[in-house]
Asks: 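Below are the C-alpha cells for one structure; questions will follow.
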Amino acid sequence: MSIDNILAQATAQAVKELYGVDFPAEKIVPQTTKKEFEGNETIVVFPFLKASRKAPDVTAQEIGEHMLAHCDAVDKFNVIKGFLNITIKPSFWTGVLQHVASTPNYGFTPVTDDSQLVMIEYSSPNTNKPLHLGHVRNNLLGYSLSCIMQANGYKVVKTNIVNDRGIHICKSMLAWQKWGNGATPESTGKKGDHLIGDFYVAFDKHYKDEIKELVEKGMTPEEAEKQAPLIQEAHDMLRRWEAGDPEVRALWKKMNDWVYAGFDETYKRMGVSFDKIYYESDTYLVGRDTVLEGLEKGLFYRKDDNSVWADLTPDGLDHKLLLRSDGTSVYMTQDIGTAQLRYKDYPIDRMIYVVGNEQNYHFQVLSLLLDKLGFKWGKDLVHFSYGMVELPNGKMKSREGTVVDADELMDEMIATATEMAGEPGRLQGVPDEERADVLRMIGLGALKYFILKVDPRKTMLFDPSESIDFNGNTGPFIQYTHARIQSVLRKCCDNYKIADISNVAPNDKETSLIQKLADFTIAVAEAGRNYSPALIANYVYDLAKEYNQFYHDCSILKEMEEPVRCFRLLLSATVADVIKRGMGLLGIEVPDRM
C-alpha cells in the first residue's frame, strides 16, 4: 500500500473516531509538503471542519495527534493553520523503496479482459504532402497518450484516418499530370511523400498566377479563385474520382502508394505506430449515406442548390454544410462515416481524437450530429485539443512550401546531437559500434521531450538548439542521468539486490528521492485523467534532478558500510528503472552509455 493510501486511511479513521463522521478515504488526497515547511506529506483539513466544528489549526492538531498514536508510519507532525504536515519515519521509507523496487511495472495498472477499450486517433495526414512539424507534435502526443492510457489499465487501439481523397489530393494529381514528366520516387531519388508535396506546391504557384491574370482582366479576386482553369480542372477530377473513373482512380492509387511508403518510413523513424488505419476513401460513402438517411428523417435540410445542411442554431451554433451542391462530401461527412465504422469494428468505451485546437468547432459539431443521428456515443467523444507549434519566423504554410519537414527536422536533431557530442567529455565511454544509435536516441529524445514537456493545450515555440541542451529540463539531461546510473551499476556486483537493508535509515536526500519514486503512481494516474504527457515529462525531470542532487551529496561505491552501499545501489537502480519506464511513456529511448 502506498504512503498516500496509508495516510488517507489513517486520516479517515481519525475523523471517524474523533468526530463520529465517516469520511471516504478515497476523497482524502495527501500532497507533497512544500519545501519551505518541515514534513513529507501534507493533509488539508478544511474538508473536515464541518465534522469537527472547530478551528482549522485545532482540527489539524487533533487529527495529527490521533495519527501519531495510531499510524506506525508517522514520526511527527506540525500544523500550519489548516495544513497538517506529517513527517514519515525513516525506516518506513526503506520499506517503500523495497516495495517499489520489487513491484514489476510499478506505477502501471495491468490491462485485463474487463478493461475498458479506448480508441485514440492521431496523425490524420493528407496524401498530398509529407509530414511536418505540426504532424510531429500530433503523432508524439497521440502515441504518448496511448502509452499512458494503457499504463492506466485501459485496452488501447491506436488508429489513424488518412485523408486520401478530396480537392487537395486532386491538386497534386493534376500538377503531376501537367508538369511531372512521369517522375517517380525511383527516378528522382525522393521519398514519395516529398515528391507529391512538391507537386502540391507547384499547383498553388500556377493557380496563383492564373488568379493574378484573371484579376488583371477585371475579375474580383473571389471570382478569379472560383473560375481559374486549374481549380475547375481539379474539381472536375474530384467528380470523376467519385464517379469511379478508371484513369483517375489508377493515378490516385499510384500516387497514394508512393506517399504511404514515405509515411511508413517517417513513422518508423519517429517511433510511432498504429493498430488500425482507416482511409477517407472508404469512409466518406458511409457518412454520405447516413447524411442522406438523416435528410429523409427530417434531421437535415436541402438548399435550392442541392447542398445538404444541418441547422444547429437551437444548440447555439450555426448551419453546417454536410454535402456540397454537386453531391461531394466534406470532412464532416467523412468523420460521421469513420465513427460508424469504428464502433462497428470495436466495442469502444471511449473515443479520443487528437486534433489541433483550430478544429474545436468541428468536434463540437461532430458530437452534436452523431447524437442527432441516434448514436449514443456521440456526446461522449473526447477531443484532445492541443495548441499549434510555431517557429521563430512565424507559422507554417504547406501550399507555399514553408513547412518544417518532419524528416529534415529529425535529420537536423541528430546532426545537432552529433555536433554537441563532439565537445570534450561527451560520449567518451560509448563504443564506436553504438555511437550512431546513441546519437539517434539523443537527437530524437531531445525533439520528443521538448514537445511533450509543454502543456498540450498551449501553443508552443519550437527551438531545436534549446531542446538538445545537456543541462536543464531537456531530454538529453534525463537520458544522461539514466546513463550515469547504469555506469555506476556496471562497476558493482549484484549483491545489492539481495542484501539486508531493513535497518538502514535514509537521510533527507534519500528520503526525498524515495518519496519522488513513490509518486510515480500518482503521476501516471494524473496524466491519464488529464490527457497530459507533460505531467509524465516533468515528473521524470524532477526525479532525474532529485537523483543528481543525491549523487552529488552521497557516496555510493565508496561508501564503507555495506548495508548503506547496497541501499544506495538499490535506490539508484530503481530510479533508473522508473526513468526508463517514464520516458517510455513518452516514446523516448534512454541509452545505457552517454
Asks: Are D345 and Y278 close enough, and set up right, to give a side chain to side chain donor-acceptor pair (under 3.5 Å), and what steps lead you there?
Replies: CA-CA 11 Å; D345 291 343; Y278 291 87; 2.7 Å; yes
Asks: List the atom of Y496, the atom of A573, and the distance in Å for their closest heavy-atom pair.
Replies: OH-CB, 3.6 Å
Asks: Is there a side chain to side chain donor-acceptor pair (under 3.5 Å) between N256 and T127 once you walk through the steps?
Replies: CA-CA 6 Å; N256 274 352; T127 57; 2.8 Å; yes
Asks: Carefully, step by step, assess I501 and L570 under the rule side chain to side chain contact (heavy atoms under 4.5 Å, CB included).
Replies: CA-CA 10 Å; I501 61 172; L570 180 64; 3.6 Å; yes
Asks: Indicate yes or no: at least one non-hydrogen side-chain atom of D500 is less than 4.5 angstrom from one of P563.
Replies: no
Asks: For R342, is there an ion pair with E121 - N to carboxylate O distance below 4.0 angstrom?
Replies: yes
Asks: Partners of D257 by salt bridge (charged side-chain N to carboxylate O under 4.0 Å, His left out), sequence neighbours excluded?
Replies: K253
Asks: Taking atom CG of N128 and atom CD1 of I169, what is their separation to the nearest 0.5 Å?
Replies: 4.5 Å
Asks: Tell me whether K491 contacts the main-chain N or O of L557 through its side chain, where contact means a donor paired with an acceptor under 3.5 Å.
Replies: no
Asks: Without swapping roles, check the side chain of Y353 against the backbone of F363 for a donor-acceptor pair under 3.5 Å.
Replies: no
Asks: Does a side chain donor of either H362 or D335 reach within less than 3.5 Å of an acceptor in the other side chain?
Replies: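 A donor-acceptor contact under 3.5 Å links the two side chains.
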Asks: For I536 versus G582, what's the shortest heavy-atom pair and its separation?
Replies: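 The pair with the smallest heavy-atom distance is CG2-O, 3.4 Å.
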Asks: Give the minimum heavy-atom separation between G197 and P130, together with the two atoms involved.
Replies: CA-CD, 3.9 Å
Asks: Begin from the C-alpha positions of Y279 and Y260 and carry the test ring-ring contact (aromatic ring centres under 6.0 Å, His included) through to its verdict.
Replies: CA-CA 12 Å; Y279 299 89; Y260 297 147; 5.6 Å; yes
Asks: Keeping T416 on the side-chain end and E412 on the backbone end, is there a donor-acceptor pair under 3.5 Å?
Replies: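 It does hold such a pair.
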Asks: Which is it for K190 and D198 under the salt bridge (charged side-chain N to carboxylate O under 4.0 Å, His left out) test, yes or no, and what are the steps along the way?
Replies: CA-CA 10 Å; K190 283 192 171 186; D198 289 345; 2.2 Å; yes
Asks: Got a sec, which residues hit salt bridge (charged side-chain N to carboxylate O under 4.0 Å, His left out) with D411, two or more places apart in sequence or on another chain?
Replies: R269
Asks: For R440, enumerate each residue passing the salt bridge (charged side-chain N to carboxylate O under 4.0 Å, His left out) test, keeping only those at least two apart in sequence or located in another chain.
Replies: D437, E589
Asks: Measure the spacing between CG of N40 and CG of D508 and express it to the nearest 0.5 Å.
Replies: 8.5 Å
Asks: Under 3.5 Å, side chain of R568 to main-chain N/O of E510, donor-acceptor pair present?
Replies: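 No, R568 side chain to E510 backbone: no donor-acceptor pair under 3.5 Å.
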Asks: So, for Y539 and F520, is the gap between ring centers shorter than 6.0 Å?
Replies: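 Under 6.0 Å, so yes.
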Asks: If every non-hydrogen atom of I468 is compared with every non-hydrogen atom of G443, which pair is closest and at what distance?
Replies: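 For I468 and G443, the tightest heavy-atom pair comes out as CD1-CA, 4.1 Å.
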Asks: Of all residues at least two apart in sequence or in a different chain, which pass the side-chain hydrogen bond (donor to acceptor under 3.5 Å, both in side chains) check with S144?
Replies: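 Here no residue qualifies.
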Asks: Any donor and acceptor pair, going by atom type alone, linking the side chain of N530 with main-chain N or O of E526 inside 3.5 Å?
Replies: yes
Asks: Is there a side chain to side chain donor-acceptor pair (under 3.5 Å) between S572 and Y547 once you walk through the steps?
Replies: CA-CA 8 Å; S572 297; Y547 180 83; 2.9 Å; yes
Asks: Just by distance, do the side chain of D519 and the backbone of I522 share a donor-acceptor pair under 3.5 Å?
Replies: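 No, because the side chain of D519 does not come within donor-acceptor range (under 3.5 Å) of the backbone of I522.
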Asks: Once salt bridge (Lys or Arg N to Asp or Glu O under 4.0 Å) is applied, what residue pairs with a partner in residues 138-154 remain, sequence neighbours excluded?
Replies: none
Asks: Could you work out, with salt bridge (charged side-chain N to carboxylate O under 4.0 Å, His left out) as the rule, every residue matching D455, not counting sequence neighbours?
Replies: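 Salt bridge (charged side-chain N to carboxylate O under 4.0 Å, His left out) check on D455 returns R457.
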Asks: Are I348 and V118 side-chain neighbours, meaning at least one heavy-atom pair lies under 4.5 Å?
Replies: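 They are not in contact (no side-chain heavy atoms under 4.5 Å apart), so the answer is no.
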Asks: Is the W176 ring parallel, tilted or perpendicular to the W258 ring (thresholds 30°, 60°)?
Replies: perpendicular
Asks: Check this for me, if you would: do E265 and K191 make a salt bridge, where the nitrogen-to-carboxylate-oxygen distance has to be below 4.0 angstrom?
Replies: no
Asks: Sequence neighbours excluded, which residues qualify as side-chain hydrogen bond (donor to acceptor under 3.5 Å, both in side chains) partners of Y154?
Replies: R350
Asks: May I have all residue pairs that pass salt bridge (Lys or Arg N to Asp or Glu O under 4.0 Å) and include part of residues 178-188, sequence neighbours excluded?
Replies: K178-E233
Asks: Sequence neighbours excluded, which residues qualify as ring pair (Phe, Tyr, Trp, His ring centres under 6.0 Å) partners of H206?
Replies: W179
Asks: Checking D407 against T266: is there a side-chain donor and acceptor pair closer than 3.5 Å?
Replies: yes
Asks: Once you round to the nearest 0.5 Å, how far does CG of L585 lie from OG of S146?
Replies: 11.0 Å
Asks: Ignoring hydrogens and angles, tell me if any N or O in the side chain of Q479 forms a donor-acceptor pair with the backbone of M441 under 3.5 Å.
Replies: yes
Asks: Check whether more than 12 heavy atoms from other residues, nucleotides or ligands sit under 6.0 Å from atom CD of E561, and answer yes or no.
Replies: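 At most 12 heavy atoms, drawn from other residues, nucleotides or ligands, come within 6.0 Å of this atom.
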Asks: Give, for atom CD of E434 and atom CG of D592, the distance between the pair rounded to the nearest 0.5 Å.
Replies: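 Reported to 0.5 Å precision, the distance equals 8.0 Å.
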Asks: Does a donor on one side chain sit under 3.5 Å from an acceptor on the other, for N360 and S385?
Replies: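 Their side chains do contain a donor-acceptor pair, which is all the 3.5 Å distance test asks for.
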Asks: Within a radius of less than 6.0 Å around CD of E562, do more than 12 heavy atoms belonging to other residues, nucleotides or ligands occur?
Replies: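 Atom CD in E562 is not crowded, with 12 or fewer foreign heavy atoms closer than 6.0 Å.
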Asks: What salt bridge (Lys or Arg N to Asp or Glu O under 4.0 Å) pairs are there with at least one residue in residues 134-163, not counting sequence neighbours?
Replies: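 Passing the test, one end in residues 134-163: K158-D275.
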Asks: Has T338 got a side-chain atom pairing as donor or acceptor with Q334's backbone, closer than 3.5 angstrom?
Replies: yes
Asks: I'd like to know if the side chain of Q549 reaches the main chain of E546, judged simply by a donor and an acceptor atom lying under 3.5 Å from each other, with no hydrogens or angles considered.
Replies: no
Asks: Suppose we call two aromatic rings close when their centres sit under 6.0 Å apart. Are F203 and Y200 close by that rule?
Replies: no
Asks: So, N160 side chain and S123 main chain: donor-acceptor pair closer than 3.5 Å or not?
Replies: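 Absent.
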Asks: List for me each residue that meets side-chain hydrogen bond (donor to acceptor under 3.5 Å, both in side chains) alongside N138, sequence neighbours excluded, and say none if there are none.
Replies: Y386
Asks: Verify whether one side chain among H168 and N163 offers a donor that lies under 3.5 Å from an acceptor in the other.
Replies: no
Asks: Evaluate the criterion side chain to side chain donor-acceptor pair (under 3.5 Å) for residue pair N548 and T481; output intermediate values, then yes/no.
Replies: CA-CA 7 Å; N548 281 288; T481 301; 2.9 Å; yes
Asks: Who passes side-chain hydrogen bond (donor to acceptor under 3.5 Å, both in side chains) against E280, sequence neighbours left out?
Replies: R165
Asks: State which residue, out of F384, F274, Y531, fulfils the ring-ring contact (aromatic ring centres under 6.0 Å, His included) condition with Y122.
Replies: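 Between Y122 and the candidates, ring-ring contact (aromatic ring centres under 6.0 Å, His included) is satisfied uniquely by F274.
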Asks: Just checking, is any N or O donor in the side chain of S281 or D164 under 3.5 Å from an acceptor N or O on the other one?
Replies: yes
